[in-house]
Visitor: 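Got a structure here, written out as structure tokens. Questions coming.
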Amino acid sequence: MQTYAGISVVNALPSWYGSSMAVNLTVSVSIKEAEKCKKNDILIDTILNFFHEKYGIPCLDINVESQIPEKSGLKSSSAVSTALIGEISKKFGIEIDVPKYSAILSLKAGVSYTGALDDATSSYYGGVSFTYNKEFKIIDIKDPPELSAIILPRGGRNIKIDLQYLKKYRLIFEEIFRVSRQNIVLGMKLNGILVANILGYDINEIEVALKKGALAAGITGNGPSIFAVTKIGEEGPIVDALSKFGNVIVTRSVGYVSRD
Ligand SMILES: Nc1ncnc2c1ncn2[C@@H]1O[C@H](COP(=O)(O)OP(=O)(O)OP(=O)(O)O)[C@@H](O)[C@H]1O
Ligand SMILES: O=C(O)C1=C[C@@H](O)[C@@H](O)[C@H](O)C1
């Protein structure tokens, strides 16, 4: 099964309300029955153990092909978990709420702070998710504006996230969530700049992208990757400017995908 990377509209850590926009960088997971169970990383093994214990599925060999850098804020873990859960449910005919179980099992595996239901929902269904992660509730999924996303991918996040400190900003992130439901691009701009400031990232590249005409720019997830968005066809000056800081990826927003 194939799922998508995402860029943040609203980071859910401060208020539990989250929103993410799918972009066209993909993860593909395939599975094959195996004689012996092998050890994988913690997220994959948590998912396999859950399906083994609850539904008696056999040992599986897992193949992951990913275009998404890890620990970068581009939602790679949600893309891997939704693709794997979706593939298992298809192969073994198990009816399950894929993003919800991605969130539950990501928390169990310790790879997420809130379960990241926002990330899981946009990874699996495309579009722009609006979720309340505390109750594993999907509030809405919208089709995104047609946008070009210019990404400065940076992996290997090594900053320490102080969740209690982030929660001091709950009210302002709740407000950004409300704004985002009316205006996705304004929401991702406010969130992206504020998260950069709060987590202590350099805002230089963000400022450069905005000066070159980006509709929004900021940190995605908990960083360190930086994104900018523009109308399709207007990416040139931003790509040129951000390329001075490293190799950029140019991709697009992804619309809602029916999984029926
Ligand atoms: N290419 C991959 N192959 C296998 N597992 C992967 C891959 N990419 C991510 N994962 C899984 O995701 C887990 C952690 O992901 P990571 O911390 O990189 O999250 P992320 O989604 O990039 O971060 P963020 O939430 O900031 O977007 C890893 O432990 C691993 O299980
Ligand atoms: O770990 C988590 O729960 C999250 C991580 C980031 O991707 C955030 O952007 C997301 O909203 C929640």
Side-chain angles (χ1 to χ4, degrees), residues 4-23 25 27 43 66-80 106 110-120 122-123 128-129 131 133 147 149-170 172-173 176-177 180 184-185 187-210 214-229 238-239 241-251 253:
Y4 300 101
I7 57 180
S8 289
V9 181
V10 184
N11 187 311
L13 269 62
S15 76
W16 294 97
Y17 286 97
S19 173
S20 166
M21 181 178 86
V23 295
L25 299 174
V27 161
L43 178 62
S66 174
Q67 300 175 332
I68 314 173
E70 285 183 58
K71 292 198 183 352
S72 70
L74 292 165
K75 330 297 190 187
S76 71
S77 62
S78 295
V80 169
S106 296
V111 300
S112 164
Y113 294 94
T114 69
L117 180 64
D118 49 339
D119 302 351
S122 65
S123 281
V128 181
S129 62
T131 62
N133 295 0
L147 292 170
I150 301 125
I151 295 168
L152 248 182
R154 290 182 170 157
R157 179 177 50 248
N158 57 10
I159 59 160
K160 199 174 146 17
I161 305 286
D162 181 344
L163 198 52
Q164 290 319 313
Y165 179 67
L166 279 164
K167 283 185 185 295
K168 291 187 196 296
Y169 293 85
R170 176 174 62 85
I172 188 71
F173 279 88
I176 295 174
F177 185 83
S180 302
I184 291 163
V185 172
M188 65 167 67
K189 182 178 181 183
L190 298 174
N191 176 83
I193 297 169
L194 189 55
V195 169
N197 283 143
I198 295 172
L199 294 183
Y201 288 111
D202 190 345
I203 58 162
N204 183 32
E205 292 95 330
I206 298 170
E207 211 168 355
V208 167
L210 291 171
L215 300 173
I219 286 288
T220 177
N222 298 318
S225 294
I226 285 163
F227 75 92
V229 295
I238 300 164
V239 172
L242 290 186
S243 296
K244 299 199 173 92
F245 302 104
N247 289 332
V248 299
I249 298 174
V250 182
T251 181
S253 53

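Please read these numbers as outputs of a predicted model, since none were measured by experiment.
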Visitor: With no hydrogens and no angle check, just 3.5 Å: does a side-chain donor-acceptor pair link Ser112 and Ser106?
Guide: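 Checked: Ser112/Ser106 side chains show no N/O donor-acceptor pair below 3.5 Å.
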
Visitor: Say whether, by atom type as modelled, one donor and one acceptor occur between the side chain of Ser225 and the main chain of Ser72 under 3.5 angstrom.
Guide: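 Here the side-chain-to-backbone pair exists.
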
Visitor: Taking all heavy atoms of Phe227 and all of Val229, pick out the closest pair and write down the distance.
Guide: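 It is CD1-CG1, 4.2 Å.
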
Visitor: Specify the closest pair of heavy atoms between Ser66 and Val27, including all atoms of both residues, with the distance to one decimal.
Guide: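 The pair with the smallest heavy-atom distance is OG-CG2, 3.4 Å.
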
Visitor: Mind listing the closest non-hydrogen atom pair of Gln67 and Leu25 along with its distance?
Guide: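 Looking at all heavy atoms of both residues, the closest pair is OE1-CA, 3.3 Å.
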
Visitor: With rounding to the nearest 0.5 angstrom, report the CD1 to CZ distance, Ile226 to Arg154.
Guide: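 These two atoms lie 4.5 Å from each other.
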
Visitor: Keeping Ser8 on the side-chain end and Gly221 on the backbone end, is there a donor-acceptor pair under 3.5 Å?
Guide: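 Looks like yes, one N/O pair under 3.5 Å.
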
Visitor: Within this structure, what is the CG-CD1 distance for the pair Asn222 and Ile159, rounded to the nearest 0.5 Å?
Guide: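 Result: 6.5 Å between the selected atoms.
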
Visitor: Distance check, rounded to the nearest 0.5 Å: Ile7 atom CD1 versus Thr251 atom OG1?
Guide: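 It is 9.0 Å, given to the nearest 0.5 Å.
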
Visitor: Would you say Val10 and Asp118 make side-chain contact, with heavy atoms under 4.5 Å?
Guide: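 Answer no - side chains too far apart.
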
Visitor: Below 4.5 Å, heavy atoms only, C-beta onward: do Phe173 and Val195 meet side chain to side chain?
Guide: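 They are in side-chain contact.
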
Visitor: Contact between Ser122 and Lys75 at the side-chain level, heavy atoms closer than 4.5 Å - yes or no?
Guide: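 Not in contact.
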
Visitor: Is any side-chain heavy atom of Val208 less than 4.5 Å from a side-chain heavy atom of Phe245?
Guide: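 Yes; the side chains approach each other to less than 4.5 Å.
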
Visitor: Under the side chain to side chain contact (heavy atoms under 4.5 Å, CB included) rule, what do Ile249 and Val23 come out as? Steps first, then yes or no, please.
Guide: CA-CA 11 Å; Ile249 298 174; Val23 295; over 6 Å; no

Visitor: Just so I know, are the side chains of Val9 and Asn191 near enough to count as touching, which here means a heavy-atom distance under 4.5 Å?
Guide: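 Of all side-chain heavy-atom pairs linking Asn191 with Val9, none is under 4.5 Å.
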
Visitor: For Pro153 and Asn247, which heavy atoms make the closest approach, and how far apart are they?
Guide: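 Reported closest heavy-atom pair: CD-O, 3.2 Å.
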
Visitor: If I take atom OG from residue Ser123 and atom CD1 from residue Ile68, how far apart are they, to the nearest 0.5 angstrom?
Guide: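 Between atom OG of Ser123 and atom CD1 of Ile68 there are 6.5 Å.
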
Visitor: How long is the gap from NZ on Lys71 to OG on Ser76, to the nearest 0.5 Å?
Guide: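 Answer for the NZ-OG pair, Lys71 versus Ser76, is 8.0 Å.
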
Visitor: If you draw a 6.0 Å radius around NZ in Lys168, do more than 12 non-hydrogen atoms from other residues or ligands fall strictly inside?
Guide: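 Check fails, neighbour count at 12 or below.
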
Visitor: Considering all heavy atoms of both residues, which atom of Gly73 and which atom of Arg157 are nearest to each other, and what is their separation?
Guide: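 Minimum heavy-atom contact is N-NH1, 3.6 Å.
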
Visitor: Give me the atom names and distance for the closest heavy-atom approach of Ala196 to Ile206.
Guide: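 In terms of heavy atoms, the two residues are closest at CB-CD1, 3.7 Å.
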
Visitor: Atom CD1 in Ile238, atom CD1 in Ile150: separation rounded to 0.5 Å?
Guide: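 The CD1 atom of Ile238 sits 4.5 Å away from the CD1 atom of Ile150.
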
Visitor: Please tell me if the side chains of Leu147 and Val185 come closer than 4.5 Å, counting only heavy atoms from C-beta onward.
Guide: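 Yes, at least one pair of side-chain atoms sits under 4.5 Å.
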
Visitor: If we only count heavy atoms from C-beta on, is the Leu199 to Leu166 side-chain gap below 4.5 Å?
Guide: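 Yes, side chains in contact.
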
